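Take a look at the structure set out below.
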Amino acid sequence: MDSSFYSIAILVAVLVIWRRTRGMFRPIRGNGIRLLVPLLFMLPAIALMTNPKVHAVSWEWVAAAAMGCLLSVPLILTTRYERREDQNIYAVKNVWFIIAFLAVLVIRFLLRDYLIGIDAETKTALFLTVALSYIIPWRIVSYVRFRKLYLSKPKLAI
């Protein structure tokens, strides 16, 4: 089971990094709502967190959410947008985002291996809480930053 978890996590990480680096060279289309679409894919995770087999005390939920919020900080700090000469909005080229994303992934792997006394269902629910707690703030802040730039008046080229 652990090898399949790591395989899926690595595949998702590769797809996120590929999409992010590709996005640095292509303009972001539309009004930015696509930045929030990944949150819809997180909705089924909430059902897994409410599994009756999950036995976590309240401090574990709070610790998982706090860890997620802490992990969102480097992602938020390294996600920026810019309006280029063609007046389209692009993600700023930033190698630190990739480093931060990989660091978050490594921290999650290390925590998963460190927590050995917790049953599989509870561990899954807590790690979904961590994931939701860093993806939701990161995506919302990204959307707000994009919208601020989107609604600002484009500078005319002289």
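As a basis for the values below, the full set of heavy atoms in this structure was taken, side chains included, without hydrogen atoms, waters or symmetry mates. Quantities reported herein were computed from a predicted structural model and do not represent experimental measurements.
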Is there a chain of hydrophobic side chains (I, L, V, M, F, W, Y, each step under 4.5 Å between heavy atoms) that links [X] to [Y]?
| X | Y | answer |
| --- | --- | --- |
| Leu40 | Ile140 | yes |
| Leu75 | Leu102 | yes |
| Val37 | Ile135 | no |
| Phe97 | Val95 | no |
| Leu128 | Leu70 | no |

So how far is it from [X] [atom1] to [Y] [atom2], rounded to the nearest 0.5 Å?
| X | Y | atom1 | atom2 | value |
| --- | --- | --- | --- | --- |
| Tyr90 | Arg84 | OH | CZ | 6.0 Å |
| Phe146 | Arg34 | CZ | CZ | 9.5 Å |
| Glu60 | Thr122 | CD | OG1 | 7.5 Å |
| Ile89 | Leu149 | CD1 | CG | 4.0 Å |
| Ile76 | Arg139 | CD1 | CZ | 12.0 Å |

In the structure I gave you, are the side-chain heavy atoms of [X] and [Y] within less than 4.5 Å of one another anywhere?
| X | Y | result |
| --- | --- | --- |
| Trp61 | Leu126 | yes |
| Ser133 | Met67 | no |
| Phe41 | Leu39 | no |
| Ser152 | Arg83 | yes |
| Asn31 | Arg147 | yes |

> Does Arg145 make a cation-pi contact with Tyr81, if we ask for NZ or CZ under 6.0 Å from the ring centre and within 45° of the axis?
Replying inline: no
For the residue pair [X] and [Y], what are the closest heavy atoms and their distance?
| X | Y | result |
| --- | --- | --- |
| Met42 | Leu132 | CE-CD2, 3.2 Å |
| Thr78 | Ala100 | OG1-CB, 4.3 Å |
| Leu35 | Ser142 | CD1-O, 3.9 Å |
| Val130 | Leu71 | CG1-CD1, 4.0 Å |

> Does Tyr143 have its ring centroid less than 6.0 Å away from the ring centroid of Trp138?
Replying inline: no
> Is the shortest side-chain N to carboxylate O distance from Lys123 to Glu121 below 4.0 Å?
Replying inline: no
> Ignoring hydrogens and geometry, is there a side-chain-to-backbone donor-acceptor pair from Asn88 to Pro27 under 3.5 Å?
Replying inline: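 No; judged by distance alone, with no hydrogens or angles, the pair does not exist.
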